[in-house]
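Note that the structure is predicted; figures quoted are calculated from it, not measured.
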Amino acid sequence: MSEPPAPTVPASRGEPHAEASTAALPGPLTPGPAGPLVLGIETSCDETGIAVVRGLDLLADVTASSMDDHARFGGIVPEVASRAHLEAFGPTLEAALERSGVRLEDLDAVAVASGPGLVGSLTVGIAAAKALALALGLGLYGVNHVIGHVAVDALVHGEFPEEFIALVVSGGHSSLLLVRDIATDVVELGQTLDDAAGEAFDKVGRLLGLPYPGGPHVDRLAQRGNAEAIAFPRALSRGKDLARHRYDFSFSGLKTAVARVVEGFEDAGVEVPAADVAASFSEAVADVLVTKTLAACGEHGVTTVVIGGGFSANSRLRELAAERFAAAGVELRLPPIRYCTDNGAMIAALGSAVVSAGATPSELDITIDSGMPLTQILAAS
Amino acid sequence: MSGRTALSLPDAEATQALGRGLARVLRAGDLVVLTGALGAGKTTLTQGIGAGLRVRGRVSSPTFIIARVHPSEVGGPDLVHVDAYRLGSLDEVDALDLDTSLEDSVTVVEWGAGLVEPLAQDRLEVELVRPRGGEGHQGREAHLRGVGARWAQVELTGLLQ
């Protein structure tokens with residue numbers, strides 16, 4: 001861009017009094033027929049994502065990532081991530097506005113991921129969102145990052161059915177949800193008791209000596225291996241464990257089993273068959289995820305599943321889900337990979353849904369919630 | 001400084017039971033440093049501590065969000081569960097701006113060895129050892145060592161009872 005855009009913040013209104021600013025807070029919106037024009041801000045981990053949607057139309061989606069910085073450290077470093085968000089925020093916002101052809105003053109609402117995620121990272125996004133909402137006189141909607149991973153699919157595949165099952169799998173989450181209304185009614189059926197699916201992949205990547213983040217490397221390696229070479233355990237899938245944890249996951253024991261198999265080869269002085277280990281491990285993870293999701297469909301009489309989150313990029317999960325869901329007559333809605341990883345579009349999509357449902361905006365004093373429960377769609381003070 | 005206590009943990013339930021036993025002796029301001037290879041049972045032990053302290057929320061791996069605060073449900077200390085694998089020092093735990101102070105909480109740091117020693121004169125070190133590779137059994141061993149005046153008089157041998 002040749003020159004910085006003219007400031008669009010209204011001229012100083014002086015120091016607002018607490019009562020005055022509360023009284024001036026915008027109420028629920030009545031969007032036009034094309035739906036509300038919503039800015040979505042996502043900074044829960046290491047991507048700075050900003051997007052603009054009108055209703056279910058994605059007008060722009062821009063992402064800056066600090067992953068290259070983290071790769072040097074072998075993991076996400078909170079301080080590096082929050083500094084990167086600060087630096088990336090302005091240019092990312094400008095790019096999103098330019099690509100969408102939308103001016104800040106045209107917006108109807110500002111949505112921001114208020115949790116769960118890294119404290120320092122979330123703080124940057126929510127501070128920026130509050131400043132924009134206050135300066136523009138718009139409603140602020142602090143929304144749940146994990147539900148955003150589900151909501152984004154409506155931008156790709158259109159309106160959601162009345163009721164569906166959502167599987168959200170990423171480096172930080174593995175959750176099975178029953179969604180009756182993406183804006184108002186989400187029930188958590190189960191989640192991981194220990195490691196998230198993506199986290200287990202990253203740790204197995206470390207065990208196999210692959211670079212960080214290990215997930216994609218393990219996935220690529222697995223495609224060359226024999227998935228039946230090693231019988232890895234399917235946790236919480238039988239008897240008493242299954243009865244107690246019908247829709248919960250556990251990947252910690254599987255990770256330990258992989259560690260011991262790898263050590264067994266090393267101790268025997270045999271080269272580790274890394275591709276077979278990766279393939280057998282991937283199969284165990286995908287099998288449990290797909291089996292439990294289908295069981296939830298059966299129990300709740302639901303015929304649509306949405307899969308979201310960064311780990312839904314995993315090739316074996318996509319393959320196995322497509323195969324088994326088709327056989328069971330369940331419709332699988334799986335967004336393209338670029339919408340599965342963290343981005344602004346998912347937050348704008350959920351913001352749009354929440355605004356369209358007539359929700360009252362969040363108060364301007366909401367804080368981030370790094371452990372935000374999945375049943376909470378909109379942040380409360 | 002107390003000596004080292006070794007405890008045998010035949011299964012994951014025993015690891016959780018040790019956590020509950022530890023919760024009986026842990027007080028606000030205490031620091032527990034957990035070490036052990038991937039899969040040794042660090043998160044499982046912390047789950048037991050959380051159950052014993054009666055804190056809110058499911059104790060699972062904190063790797064993604066680095067640190068998680070579990071508020072007490074019974075007016076006791078909160079549990080701060082930290083994965084220090086990617087942290088440069090424990091100073092950064094304070095910098096994480098958690099909604100609780102470490103003086104009012106029991107802080108459990110996984111992968112904290114080598115990071116926290118300069119900061120904490122009193123700490124309980126717990127090393128979990130799991131069998132390697134092809135060894136047949138599933139059991140773990142816990143090695144406990146209290147460091148500093150806080151732990152000088154604390155009896156650690158009966159924690160599994």
Sort [X] into side chain, backbone, both or neither according to what part of it lies under 4.5 angstrom from a heavy atom of chain B.
X: A/Lys255; answer: side chain
X: A/Glu266; answer: side chain
X: A/Asp369; answer: neither
X: A/Thr192; answer: backbone

* Taking side chain as C-beta onward, heavy atoms only, is B/Leu38 less than 4.5 Å from A/Thr256? ->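 Not touching, per the 4.5 Å side-chain cut-off.
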* Quick one: which of A/Asp248, A/Asp202, A/Val262 has the most heavy-atom pairs under 4.5 Å with chain B, could you say? =>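 It is A/Asp248.
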Would you give the length of the straight line joining atom [atom1] of [X] to atom [atom2] of [Y], rounded to the nearest 0.5 angstrom?
X: A/Asp195; Y: B/Ser61; atom1: CG; atom2: OG; result: 4.5 Å
X: B/Thr43; Y: A/Leu193; atom1: OG1; atom2: CG; result: 11.5 Å
X: A/Glu199; Y: B/Asp83; atom1: CD; atom2: CG; result: 7.5 Å

Without placing hydrogens or testing angles, list every side-chain donor-acceptor pair under 3.5 Å for residues 48-58 of chain B, not counting sequence neighbours.
none

* Structure fact -> Heavy-atom nearest pair, A/Glu263 first then B/Pro131, reads OE1-O, 4.2 Å
